[in-house]
Amino acid sequence: MDTLTNLQAFLASAEAGGFSAAARKLHVSTSVVSKRVTQLEAQIGIALFRRSTRQLRLTEAGQRYLHRARGVVADVGDLLARMGEKDSDLVDHLRIKAPTSLTIARLADVFSAFQTQNPRLKLEIVLIDRPVDPVTEGFDIAIGAFPHSFGGVVDEPLCSLKRLLCASPAYLAEHGVPRHPRELVDHQCLSFLPTGSEWTFDGPRGRTSIQVRPLLSSNEGHVLVKSAIAGNGIALLSHYLVADALGSGTLQAVLPDFVIPELWVKAAIPERRVNAAAVQALLQQLKRALAPAL
């Protein structure tokens, strides 16, 4: 178990930014932490930290192996938890990538409830609005709606994501109601950056793609909702973001006969982590919270 203990000292030092702070976290002396990290460096033949009298900084190799070391320690912790704890006790460290708008609107509540139910779990939630390979970037779960797939990763579908065009009644009264997607090039458009400014529709005569010139682009959906309600243009948005505004009449659907292809929200999980108890428990909670569709 010396290697595991040394890995824990490495992780604590990296997270705390120094041996002294890591020692307080691990309830040992500073010299013990320093010795364990030195032993690990000697074992692998690579320096993990740049040491100075004022600070401790990860080397390039230390940065490269930090996430993998965290995964190894988490795997061992999960195994020991399964062997020695009740089935209901989850002990793990989950690093999760999630999209910004969906997290603010829905997932933050799911994560909070999950941690309340499992107080021995540590969650690290990073909001990123691009495709992420969870293996190379060190995530246990990467949530998103991009179609990309990666080697050594299992994709778990969570729910479908319905999207639509919408605008305020004031904007449509002033600028007119478009009857075909082609007419969008003459309108002020509000675009969600992660999905781009090429808008695709399935209509009575097949699929149509239009390149719009956005008046406003943002990677945060709530910004676009506010702008659309203010009458600044026509927005392409996920239904869950605008459901309340549609219900109250502050926004109305545009081009309802031209359907925007659905996306699927999925969780990408490294193969080595897919059977971890905490990962499976969070997956089930996400599916219950999001199903059948957003």
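Basis for what follows: all heavy atoms, side chains included, without hydrogens, waters or symmetry-related copies. None of the values given here were measured: they were computed from a predicted structure.
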So does L193 get a backbone contact from the side chain of S191, meaning a donor-acceptor N/O pair under 3.5 Å? no

Is there a donor-acceptor pair closer than 3.5 Å between any side-chain N or O of Q43 and the backbone N or O of Q39? no

Between A228 and S168, which heavy-atom pair has the shortest distance, and what is it? O-CB, 3.4 Å

Hey, is CG on D244 packed in by over 12 heavy atoms from elsewhere, all under 6.0 Å? no

Is any side-chain heavy atom of D92 closer than 4.5 Å to one of K122? no

Does a side-chain heavy-atom distance below 4.5 Å link P178 with I234? yes

Side-chain heavy atoms of Y171 within contact of Q188, under 4.5 Å: yes

Grab the two heavy atoms, one from A105 and one from Y240, that are nearest each other, plus how far apart they are. CB-CE1, 3.5 Å

Could you pull out all donor-acceptor pairs under 3.5 Å where a side-chain atom in residues 30-38 meets a protein atom, sequence neighbours excluded?
from, atom 1, to, atom 2, distance (Å)
S31, OG, S29, OG, 3.1
T38, OG1, S34, O, 2.9

Heavy-atom nearest pair, C189 first then W199, reads CB-CH2, 3.7 Å

Min side-chain heavy-atom separation L241-H222 under 4.5 Å: yes

Hey, does S197 have a side-chain heavy atom less than 4.5 Å from the side chain of Q211? yes

CA sep, side-chain torsions, deciding dist, call: I46, E41, side-chain contact (heavy atoms from CB on, under 4.5 Å): CA-CA 5 Å; I46 298 173; E41 291 175 323; over 6 Å; no

Test I143 against every option in V132, T103, L286 by the side-chain contact (heavy atoms from CB on, under 4.5 Å) rule and name the one that passes. L286

Would you say I141 ends up clustered with L161 if hydrophobic residues are merged whenever their side chains have heavy atoms under 4.5 Å apart, either directly or through other cluster members? yes

State plainly whether one hydrophobic cluster holds both V154 and L158, where clusters connect Ile, Leu, Val, Met, Phe, Trp and Tyr through side-chain heavy atoms under 4.5 angstrom apart. yes

Looking at K287, I'd like to know if its NZ atom is crowded, meaning that more than 12 non-hydrogen atoms belonging to other residues, nucleotides or ligands lie closer than 6.0 Å. yes

In terms of the angle between their ring planes, are F19 and F49 parallel, tilted or perpendicular, with boundaries placed at 30° and 60°? perpendicular

Point-to-point distance, once rounded to the nearest 0.5 Å, from CD of Q117 to CG of L90: 10.0 Å

Got L246 and H239 here, is their nearest side-chain heavy-atom distance under 4.5 Å? yes

Nearest-0.5 Å distance that lies between atom CD1 in I96 and atom CG in L123: 5.0 Å

Answer yes or no: is there a side-chain heavy-atom contact under 4.5 Å between L294 and R106? yes

Report whether V212 and L216 are members of the same hydrophobic cluster (ILVMFWY, side-chain heavy atoms less than 4.5 Å apart, transitive linking). no

Determine whether V279 and V274 make a side-chain contact, defined as any pair of heavy atoms from C-beta on separated by less than 4.5 Å. no

Check against side-chain contact (heavy atoms from CB on, under 4.5 Å), E15 and K25: CA-CA 10 Å; E15 292 167 358; K25 180 178 179 180; 2.8 Å; yes

Partners passing side chain to side chain contact (heavy atoms under 4.5 Å, CB included) against V126 (at least two apart in sequence or in another chain): R95, E124, I128, F139

Kindly list each side-chain donor-acceptor pair under 3.5 angstrom involving residues 251-268, sequence neighbours excluded, with atom names and distances?
from, atom 1, to, atom 2, distance (Å)
K266, NZ, H148, O, 2.6
K266, NZ, D155, OD2, 3.3

Enter the distance from S101:OG to L237:CG here, rounded to the nearest 0.5 Å. 8.5 Å

Kindly work out whether a path of hydrophobic side-chain contacts (I/L/V/M/F/W/Y, heavy atoms less than 4.5 Å apart) joins F146 to V153. no

Aromatic contact between F10 and Y65, with the criterion being ring centroids under 6.0 Å apart: yes or no? no

Looking only at non-hydrogen atoms, find the nearest pair between I269 and E156 and report the distance. CD1-CG, 4.0 Å

What are the two closest non-hydrogen atoms of C166 and V242, and how far apart are they? SG-CG1, 4.0 Å

For R207 and T200, run side-chain contact (heavy atoms from CB on, under 4.5 Å): C-alpha distance rounded to whole Å, both residues' side-chain angles, the deciding distance at 0.1 Å, then the answer. CA-CA 7 Å; R207 180 159 290 191; T200 300; 3.5 Å; yes

Find the distance between CG (L224) and CG (L190) and round it off to the nearest 0.5 Å. 6.0 Å

Would you kindly confirm whether I104 and L107 end up in one hydrophobic cluster when ILVMFWY residues are joined by side chain heavy atoms under 4.5 Å apart? no

Has R213 got more than 12 heavy atoms of other residues, nucleotides or ligands less than 6.0 Å from its CZ? no

So, for A47 and T59, which heavy atoms are closest and what is the spacing to 0.1 Å? O-OG1, 2.7 Å

Quick check: are there more than 12 heavy atoms from other residues, nucleotides or ligands sitting under 6.0 Å from CD of E183? yes

Step through the shown structure and confirm whether more than 12 heavy atoms of other residues, nucleotides or ligands are within 6.0 Å of CZ on R64. yes

Roughly how far apart are L282 CG and D140 CG, rounded to 0.5 Å? 10.0 Å

Take atom CZ of R51 as the centre, draw a 6.0 Å sphere, and report whether it contains more than 12 heavy atoms from other residues, nucleotides or ligands. yes

Rounded to the nearest 0.5 Å, how far apart are OG of S238 and CG of L164? 9.0 Å

List the steps, then state whether side-chain contact (heavy atoms from CB on, under 4.5 Å) holds for L58 with R50. CA-CA 6 Å; L58 286 166; R50 294 188 182 91; over 6 Å; no

